[in-house]
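Throughout, a chain's letter reflects where its sequence line sits, starting with A, and its residues are numbered from 1.
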There are 2 protein chains.
Amino acid sequence: MPGQRSITEAEKLVEEKLGGIRVRREQMAVVANMHRAAAAVRQHLENSVLREAELTWTAFVVLWVVWIWGASETRRVAEEAGISKGTLTGVARTLQTRGLVRRSGHPTDGRLAVLSLTEEGETLMRRLFPEFNEEEAWVVGQLSDEECRRTADVLRRVVLQVEAHGEERRLALLDGAAPAPRRSGRRPRS
Amino acid sequence: MPGQRSITEAEKLVEEKLGGIRVRREQMAVVANMHRAAAAVRQHLENSVLREAELTWTAFVVLWVVWIWGASETRRVAEEAGISKGTLTGVARTLQTRGLVRRSGHPTDGRLAVLSLTEEGETLMRRLFPEFNEEEAWVVGQLSDEECRRTADVLRRVVLQVEAHGEERRLALLDGAAPAPRRSGRRPRS
DNA sequence: GGGTGACCGTTCGGGACCGAATTGTACGGC
DNA sequence: GCCGTACAATTCGGTCCCGAACGGTCACCC
């Protein structure tokens with residue numbers, strides 16, 4: 001995806017299209033670039049460091065979470081990894097069959113399941129993470145440490161905004177109307 | 001996904017885990033936050049503005065590209081939208097059956113296919129984009145215009161780095177070895 | 001002890017997504 | 001005209017991903 005330059009070009013075209021309606025250029029550019037960058041980085045890492053280990057991005061993130069935080073309830077892992085519980089079930093199963101992760105029931109609370117790394121998983125992460133981190137450093141290689149800090153901070157504020165007020169905002173936008181059903185997914189039994 | 005705070009915490013845990021090996025903290029934080037932010041924003045928009053229009057994020061991006069750039073070859077649309085040609089085929093078909101997009105063959109080159117908006121698609125975008133843009137502005141509402149500009153610029157440089165030198169970098173990392181096959185996807189006929 | 005919620009993980013429907021294989025058109029050289 | 005290469009879009013296998021529905025467990029109350 002080139003057309004990086006195109007974002008500025010696009011703004012003009014949008015304004016033409018809308019005939020005078022104000023476009024929030026800067027805001028549009030941040031959001032667009034955020035997604036381009038995230039996708040590019042993810043793809044690069046999947047096709048380099050993660051490929052040799054036969055891991056997808058998500059699988060790696062899950063491993064990483066369990067590695068860093070130690071044995072954790074699946075609910076927490078999903079939250080921390082930024083995926084839904086349902087997705088985690090599948091990913092965890094894959095990792096389990098590959099012998100990288102262990103799934104055990106909680107001793108006292110029968111509802112909970114706990115994930116932890118196997119010895120093999122531990123070894124893999126010890127080897128893989130430095131490579132991964134090295135590559136993270138490479139993709140942002142054009143930025144100074146200070147720029148990294150500032151950018152990380154800015155992005156954090158975006159996340160906070162959405163997480164803290166997103167729900168409320170969505171309700172306000174609906175203005176009492178029933179939320180439209182999702183287009184895909186399991187249908188009501190009715 | 002909370003645990004925003006956890007990123008800084010995580011850095012310490014990582015260093016413990018690795019026992020002295022240097023971790024590029026700032027770089028790690030940028031990459032992590034980039035993905036968190038992108039996911040959060042995407043989800044918010046899919047569950048608010050896009051939901052009422054029954055569009056997924058990708059479908060909207062494709063519409064947007066065709067809207068702004070006018071009738072375009074599918075190849076260019078895919079590139080501009082940041083998805084593979086294969087994915088576009090499916091998304092375009094969906095949009096076509098919903099009457100928002102038209103697919104026509106190229107007049108002189110029979111290999112090409114061209115996408116353009118229908119009248120209905122045009123109308124939809126004229127109504128939808130301002131709402132979308134408003135919401136983009138909201139998610140980055142905690143940032144000043146200047147911060148938006150700076151961040152957009154920084155992110156653009158990340159994209160450029162990966163796009164300009166990613167291929168080369170991946171080859172260098174392989175160091176002559178055959179690239180591991182992708183884990184999923186169509187198998188060789190053999 | 002029999003509700004009755006609240007909460008957890010899993011199942012499952014449907015779309016998104018990549019990328020190799022495939023199919024089809026164009027165009028050069030002969 | 002015919003072949004081979006180049007390049008277009010589509011097909012398709014396999015995974016990811018969300019979120020509603022589901023089934024199991026817990027905790028609290030009567």
Side-chain angles (χ1 to χ4, degrees), chain A residues 1 39 42-44 46-47 50-51 54-62 72-79 81-98 103-115 179-190, chain B residues 1 35 39-40 42-44 46-47 50-51 54-62 72-79 81-98 103-115 179-190:
Chain A
M1 38 170 149
R42 178 173 172 154
Q43 222 153 322
H44 175 73
E46 282 189 334
N47 287 330
L50 297 184
R51 177 66 67 82
E54 305 244 310
L55 289 174
T56 63
W57 175 270
T58 310
F60 178 79
V61 172
V62 168
S72 325
E73 307 154 21
T74 66
R75 180 167 168 62
R76 286 208 345 120
V77 174
E79 196 167 281
I83 58 179
S84 72
K85 301 181 295 167
T87 301
L88 179 60
T89 301
V91 175
R93 197 190 345 259
T94 310
L95 291 173
Q96 190 183 13
T97 61
R98 288 187 54 194
R103 181 202 310 258
S104 33
H106 193 278
T108 68
D109 191 333
R111 293 170 301 179
L112 302 176
V114 172
L115 295 184
R182 210 168 176 272
R183 196 166 175 70
S184 77
R186 202 165 180 170
R187 291 274 160 272
R189 181 188 247 283
S190 78
Chain B
M1 40 171 144
H35 282 88
R42 177 173 174 155
Q43 223 154 321
H44 175 72
E46 282 189 333
N47 287 331
L50 297 183
R51 177 65 67 82
E54 305 244 312
L55 290 174
T56 62
W57 175 270
T58 310
F60 178 80
V61 172
V62 168
S72 326
E73 307 154 20
T74 65
R75 181 171 162 60
R76 285 204 349 116
V77 175
E79 196 166 280
I83 59 178
S84 73
K85 300 182 296 169
T87 301
L88 178 60
T89 300
V91 174
R93 198 191 341 261
T94 310
L95 291 174
Q96 192 182 12
T97 61
R98 288 187 55 194
R103 180 202 310 257
S104 33
H106 193 279
T108 68
D109 191 333
R111 292 171 303 179
L112 302 176
V114 172
L115 294 184
R182 210 169 175 272
R183 196 165 175 71
S184 78
R186 203 166 180 170
R187 290 276 161 270
R189 180 187 250 282
S190 75

Q: Show your working on side chain to side chain contact (heavy atoms under 4.5 Å, CB included) between A:Thr58 and A:Arg42 and close with a plain yes or no.
A: CA-CA 10 Å; A:Thr58 310; A:Arg42 178 173 172 154; 3.7 Å; yes

Q: Using whole Å, report how far CD of B:Glu79 lies from C1' of C:dG19.
A: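 About 16 Å, once rounded to whole Å.
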
Q: Would you kindly give the CD-to-P distance between A:Glu46 and D:dT15, to the nearest whole Å?
A: 14 Å

Q: Below the 4.0 Å mark, does C:dG19 have OP1 or OP2 next to a side-chain nitrogen or oxygen of A:Gln43?
A: yes

Q: Would you mind reading off the distance between B:Glu54 atom CD and C:dG15 atom P, rounded to a whole angstrom?
A: 11 Å

Q: CG/A:Leu88 to CG/A:Leu115 distance, rounded to the nearest 0.5 angstrom?
A: 6.0 Å

Q: Could you please spell out the steps behind the side chain to side chain contact (heavy atoms under 4.5 Å, CB included) verdict for A:Arg75 and A:Lys85?
A: CA-CA 6 Å; A:Arg75 180 167 168 62; A:Lys85 301 181 295 167; 4.2 Å; yes

Q: Toward the 5' end of DNA chain C, which comes first, A:Gly86 or A:Asn47, by nearest nucleotide?
A: A:Gly86

Q: Hey, does A:Arg103 reach any base, or is it just sugar-phosphate, or nothing, if we go heavy atoms under 4.0 Å?
A: sugar-phosphate

Q: Return the value, rounded to whole Å, for the distance between atom NZ of A:Lys85 and atom P of D:dC22.
A: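 Those two atoms, NZ and P, are 14 Å apart.
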
Q: Is B:Thr56 touching bases, backbone alone, or none of the nucleic acid, heavy atoms closer than 4.0 Å?
A: sugar-phosphate

Q: Please state whether the phosphate of C:dG9, meaning OP1 or OP2, lies under 4.0 angstrom from any side-chain nitrogen or oxygen of A:Thr74.
A: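 Answer is yes, contact under 4.0 Å.
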
Q: Run the numbers on B:Val62 and B:Ile83 for side chain to side chain contact (heavy atoms under 4.5 Å, CB included), then give the verdict.
A: CA-CA 9 Å; B:Val62 168; B:Ile83 59 178; 4.1 Å; yes

Q: Both B:Ile83 and A:Leu88 contact DNA chain C. Which one's nearest nucleotide lies toward the 5' end?
A: A:Leu88

Q: Report which part of the nucleic acid A:Arg93 touches: base, sugar-phosphate, or nothing (heavy-atom distance under 4.0 Å, all strands).
A: sugar-phosphate

Q: To the side chain of B:Thr58, which of D:dA9, C:dC17, C:dT11 is closest?
A: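 Nucleotide nearest to B:Thr58's side chain: C:dC17.
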
Q: Applying a 4.0 Å non-hydrogen cut-off, can you work out what A:Arg75 is touching in the nucleic acid: base, sugar-phosphate, or nothing?
A: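 Sugar-phosphate, backbone atoms only, no base.
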
Q: Rounded to whole angstroms, how far apart are CZ on B:Arg51 and P on D:dC18?
A: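 My rounded result for the distance is 13 Å.
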
Q: Hey, what do you get for OG (B:Ser72) to CD (B:Glu79), rounding to the nearest 0.5 Å?
A: 11.5 Å

Q: Provide, to the nearest angstrom, the distance between the CG atom belonging to B:Leu115 and the P atom belonging to D:dT10.
A: 8 Å

Q: Which of these nucleotides, C:dA16, C:dG9, D:dA9, is closest to any side-chain atom of B:Ala113?
A: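 My answer, after comparing the listed nucleotides, is D:dA9.
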
Q: Could you tell me whether B:Gly110 contacts a base, only the sugar-phosphate backbone, or nothing, with contacts defined as non-hydrogen atoms closer than 4.0 Å?
A: sugar-phosphate

Q: Among C:dG19, D:dT25, C:dA26, which is the nearest nucleotide to the side chain of A:Arg111?
A: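 Of the options given, the side chain of A:Arg111 lies nearest D:dT25.
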
Q: Rounded to whole Å, how long is the line connecting atom CG of B:Leu55 with atom P of C:dG15?
A: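 One finds 14 Å between P of C:dG15 and CG of B:Leu55, rounded.
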
Q: Is the phosphate of C:dC17, meaning OP1 or OP2, less than 4.0 Å from a side-chain N or O of B:Thr87?
A: no

Q: Got a sec: does the CZ of B:Arg98 have more than 12 other heavy atoms crowding it under 6.0 Å?
A: yes

Q: Which residue lies toward the 5' end of DNA chain D, A:Asp109 or A:Ala59, if each is placed at its nearest nucleotide?
A: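 So the residue in question is A:Ala59.
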
Q: Could you tell me how far apart B:Glu73 (CD) and C:dA26 (P) are, to the nearest whole angstrom?
A: 14 Å

